[in-house]
Amino acid sequence: MKKHLFKNGIVLLIFFISVSNSANAVVKLPSFFTDNMVLQQKSAVPFWGESDQKSVSVTSSWDKKTYQTNVENGKWKVVLKTPVYGGPYTITINDGTTKTLTNILIGEVWLCSGQSNMEMPLEGWGKINNYKEEIANANYPQIRLLQAEHIENTLPQNILKVQHDGWNVCSPKTIADFSATAYFFARKIYKEKNIPIGLIHSSWGGTLIEAWTSSGALTTIHDFDAEIEAMKSETSRQALQQKYNTEIAAWEKYLTSTDKGFQHEKAIWATPNFDDSSWKTMKLPSFFDSNGMSNFDGIVWFRKKFTISDNSKDFSLSYFADDDDVIWVNGNYIGETKGYNVERHYTIPSQFLKKGENTIAIKVYDGAGNGGVYGDEKIALQSDKETISLAGDWKYNIGADSKDLPAKPYLAQGQNRPSAIYNAMIAPSVDYKIKGVIWYQGESNAERAYQYQTLFPLLINDWRNQFKDQNLPFFFVQLANYKQQKEQPGDSDWAELREAQFKTLKAVPNTGMAVITDIGNAEDIHPKNKQDVGDRLANIALAKLYNTKINYSGPLYKTYTIKGNVVIIDFDFNESIKAKDNVLKGFSVAGTDQKFYWAEAKIVNGKVEVSSKEVPNPAAVRYNWADNPNGNLTNISGLPASSFRTDLWPGITQKKK
């Protein structure tokens with residue numbers, strides 16, 4: 001009897017172990033294989049995962065076909081044949097335990113990437129034009145959204161970290177924090193073609209193009225060898241960091257020595273009795289780029305008198321500064337902060353204050369882009385007993401101009417290390433079959449715009465290699481107009497970055513460029529009209545990929561000839577070439593002395609003739625060559641012409657790497 005019970009017990013134990021193992025044998029899938037996903041139509045689509053069983057079967061509902069594969073080293077992979085767009089469908093995976101993915105669509109999958117203008121959401125920090133209405137109307141169940149997390153890594157990863165548990169159906173509840181540009185791109189294509197669209201959004205504000213490029217591609221140009229080696233070796237990393245620490249310390253010491261606000265290492269412009277009567281006036285908070293100091297980088301000092309009735313309490317002060325600041329009250333050092341996007345919180349001790357008149361001084365260093373004191377318009381000193389507004393007129397003076405300084409040492413950190421974002425936010429998804437890429441980036445590389453002529457084509461070809469598609473469509477946004485307009489023609493790193501983008505369009509096949517120099521914002525690097533940006537990208541895709549007859553490009557510079565004192569410019573996309581309003585603007589001309597003057601321009605027989613009384617022997621023409629140009633050349637499309645130049649003279653970024 002006991003022997004019989006023992007045998008039965010063994011049988012039951014084996015049964016329960018078997019059931020337990022079976023229950024635990026749930027197949028594991030990558031983060032982008034979820035309910036609601038979109039698979040690329042008419043393609044051989046890789047589909048993979050992990051299992052601790054010997055084999056896996058995958059059944060697709062659209063063709064009721066079952067794919068059987070063995071598991072090797074815990075991994076398995078099949079290739080699904082997808083039909084023309086449609087759905088919803090299911091995919092069932094069985095490795096002893098069944099897992100079914102539902103509400104799958106077959107359609108077009110687009111990877112949407114870049115920096116903050118691609119990342120800019122409809123709501124959140126973005127708050128695009130008419131965002132409340134756009135969100136309320138975003139009821140497009142045939143558009144699906146996949147949002148990648150911000151992750152960087154020193155080595156290529158296999159797992160893409162995503163938000164919201166994978167793919168989501170586009171609705172007012174899911175769209176608010178998604179890329180506005182990507183959404184409007186998909187919406188336009190869907191409205192035109194009724195094809196389901198899947199958007200993989202993988203972007204990160206403030207990032208550099210080299211961070212999105214694989215280390216293998218970057219090593220072919222040798223511009224980032226030290227940084228890439230430092231990511232592989234702790235010893236190399238420490239050596240690079242030590243080198244940077246030495247160089248930045250020397251540079252900051254030199255900066256202070258050239259700062260007019262210091263004398264014998266003492267901040268003389270911060271002392272209360274300093275005579276600032278000859279200084280100019282600027283309203284704060286604001287960017288000094290918008291106050292007659294366009295394109296200025298360097299040190300600006302601000303001073304202001306304020307009166308308090310009670311100095312028995314400490315005061316607090318909060319604001320933003322771009323990039324770095326130091327603050328004094330009555331000549332007493334209060335504190336300093338580095339970083340353009342960091343809110344300052346300073347405490348002014350009561351012992352540094354006196355009843356009646358006091359003096360506050362703020363020194364701001366700006367290395368690129370906008371600079372100044374910005375943030376809450378109600379900037380104020382606050383104590384338990386009183387609030388003293390500091391908004392309004394401040395005295396200001398230039399302490400040092402970056403043009404007179406050696407280049408500031410730079411060391412890429414975190415996500416901006418070469419290949420760091422590619423490794424974590426692109427590499428894990430390169431086997432996911434996509435239709436193409438839309439890209440909006442370049443602002444962060446403007447200081448090295450000439451180098452971008454190499455980096456941008458490098459990234460495109462790198463991604464095509466990684467996604468195993470040499471013809472992968474790659475459509476991108478040219479930089480918008482931004483910063484204060486200049487009265488006279490001159491140099492511009494943003495114009496040079498646009499030139500790098502334009503040259504990439506010309507040199508790299510199956511690319512497209514959306515020009516948006518007519519819808520930017522002088523005061524905001526993140527213009528809120530993302531509807532037109534998305535639509536213009538979509539028009540390129542519709543024309544090039546979806547057989548839609550649509551005018552998708554403004555005029556693009558082709559060639560030039562010189563006849564006497566006139567330069568004749570010929571364009572591609574020159575049908576009905578015209579000025580958008582009245583007289584053509586934005587053209588400048590120079591002789592061999594390389595000094596540019598605003599020019600008269602007129603359209604003759606579909607070409608633009610450019611001349612200037614100041615330049616009897618012209619050598620070169622430039623159009624919209626500025627951070628914030630005001631040119632108005634267009635064509636039948638109504639879209640703006642790309643900026644261009646006919647000369648090959650060295651630009652202001654040519655030697656920067």
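In this text the structure is predicted, and so the values were computed from the model without any measurement. All residue numbers refer to positions in the sequence shown, counting from 1. Basis for what follows: all heavy atoms, side chains included, without hydrogens, waters or symmetry-related copies.
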Answer yes or no: is there an ion pair linking D325 with R344, defined by an N-O contact shorter than 4.0 Å? yes
Pair H201-M118, side-chain contact (heavy atoms from CB on, under 4.5 Å): steps then yes or no: CA-CA 9 Å; H201 176 226; M118 179 62 80; 4.2 Å; yes
Suppose we call two aromatic rings close when their centres sit under 6.0 Å apart. Are Y190 and W110 close by that rule? no
Would you check if Y183 and I197 make a side-chain contact, meaning some heavy-atom pair closer than 4.5 Å? no
CG of N605: more than 12 outside heavy atoms within 6.0 angstrom? no
Do you know the tightest heavy-atom contact between P121 and A176? CB-O, 3.5 Å
Taking the ring of W625 and the ring of W494, is the distance between their centroids below 6.0 Å? no
Distance flag, aromatic centroids of F502 and Y557, threshold under 6.0 Å: no
Between CZ on residue R498 and CE on residue M513, distance to nearest 0.5 Å: 10.5 Å
Member of L545, N539, L505 meeting the side chain to side chain contact (heavy atoms under 4.5 Å, CB included) criterion with F475: L545
E499 CD to S643 OG distance, which is reported to the nearest 0.5 Å: 8.0 Å
Is any NZ, NE, NH1 or NH2 atom of the basic residue among R536 and D518 found under 4.0 Å from an Asp or Glu carboxylate oxygen of the other? yes
Do I189 and E108 have side-chain heavy atoms sitting under 4.5 Å apart? no
Is the shortest heavy-atom distance from the side chain of E496 to the side chain of Q654 under 4.5 Å? no
To the nearest 0.5 Å, tell me how far Q501 CD sits from S642 OG. 8.5 Å
Nearest heavy-atom pair of T511 and K544: which atoms, and what distance? O-CE, 3.4 Å
Residue pair Q451 / T653, side-chain donor-acceptor N/O under 3.5 Å: no
Hey, could you give me the CG/CD distance between N628 and Q484, rounded to the nearest 0.5 Å? 9.0 Å
What I want to check is whether the side chains of N117 and K530 have a donor and an acceptor closer together than 3.5 Å. yes
Measure from NZ or CZ of K188 to the centre of the six-membered ring of F184 and say whether it is under 6.0 Å with the direction within 45° of the ring axis. no
Quick check: closest heavy atoms across S612 and E614, and the distance to 0.1 Å? OG-OE1, 2.8 Å
Heavy-atom nearest pair, C112 first then A182, reads SG-CB, 3.6 Å
S637 side chain vs S553 backbone, donor-acceptor pair below 3.5 Å: yes
So does Y450 have more than 12 non-hydrogen atoms from other groups sitting under 6.0 Å from OH? no
Hey, are the side chains of Q441 and V477 touching, using non-hydrogen atoms and a 4.5 Å cut-off? no
Got more than 12 heavy atoms from elsewhere within 6.0 Å of CD, E377? no
Are R622 and D647 within salt-bridge range, i.e. N to O under 4.0 Å? yes
Output yes when K656 and E447 qualify as a salt bridge under the 4.0 Å nitrogen-oxygen rule, no when they do not. no
Between A446 and D493 the two heavy atoms that sit nearest each other are O-CB, 3.3 Å
Sidechain-backbone polar pair: S286 side chain, M282 backbone, donor-acceptor under 3.5 Å: no
For Q115 and S444, does a side-chain donor sit closer than 3.5 Å to a side-chain acceptor? yes
Identify every side-chain donor-acceptor pair in residues 560-572 under 3.5 Å, counting partners at least two apart or on other chains, and give the distances.
| unit_1 | atom_1 | unit_2 | atom_2 | d |
| --- | --- | --- | --- | --- |
| D572 | OD2 | K506 | NZ | 3.0 |

Check the pair Y319, W394 against ring pair (Phe, Tyr, Trp, His ring centres under 6.0 Å), reporting the backbone distance first and the verdict last. CA-CA 15 Å; Y319 58 86; W394 288 60; 8.3 Å; no
4.5 Å side-chain heavy-atom contact, L633 and Y623: yes
F476 and F456 aromatic ring geometry - parallel, tilted or perpendicular at 30°/60° bounds: perpendicular
When you compare the side chain of T181 with that of L537, does any pair of heavy atoms fall below 4.5 Å? yes
Quick check: does any side chain N or O of K578 sit under 3.5 Å from a backbone N or O of E575, one acting as donor and the other as acceptor? no
Got a sec: does the CD of E487 have more than 12 other heavy atoms crowding it under 6.0 Å? no
Taking S402's backbone N and O only, do any of them form a donor-acceptor pair with D297's side chain (distance below 3.5 Å, no angle check)? no
How about N635 and N574: do any of their side-chain heavy atoms sit closer than 4.5 Å? no
Answer yes or no: does atom NZ of K607 have more than 12 heavy-atom neighbours from other residues, nucleotides or ligands under 6.0 Å? no
Test D535 against R187 for salt bridge (charged side-chain N to carboxylate O under 4.0 Å, His left out), laying out the working first. CA-CA 8 Å; D535 284 356; R187 187 179 71 177; 5.2 Å; no
Would you say that more than 12 heavy atoms from the other residues, nucleotides or ligands in this model lie under 6.0 Å from the CD of E600, or not? no
Assess the pair F587 and W598: is the distance between their ring centroids shorter than 6.0 Å? no
Check whether D627 reaches the backbone of K486 with its side chain - one donor and one acceptor, N or O, closer than 3.5 Å. no
Apply the side chain to side chain donor-acceptor pair (under 3.5 Å) test between R417 and each candidate in E152, E227, E210; give the one that qualifies. E152
Quick check: F287 with Y374 (ring centres under 6.0 Å apart)? yes
Just say parallel, tilted or perpendicular for the rings of W439 and F474, cut-offs at 30° and 60°. tilted
Does any donor atom in the side chain of Q485 or N481 lie under 3.5 Å from an acceptor atom in the other side chain? no
Got a donor-acceptor contact below 3.5 angstrom from the E119 side chain to the G205 backbone? yes
Between G114 and W212, what is the shortest heavy-atom contact and its length? O-CZ2, 3.4 Å
May I ask you to test the W301-D259 pair for a side-chain heavy-atom distance under 4.5 Å? yes
Tell me if the CG atom of D393 is crowded by more than 12 foreign heavy atoms within 6.0 Å. yes
In terms of side-chain heavy atoms, does D581 have a donor or acceptor partner in N632 at a distance below 3.5 Å? yes
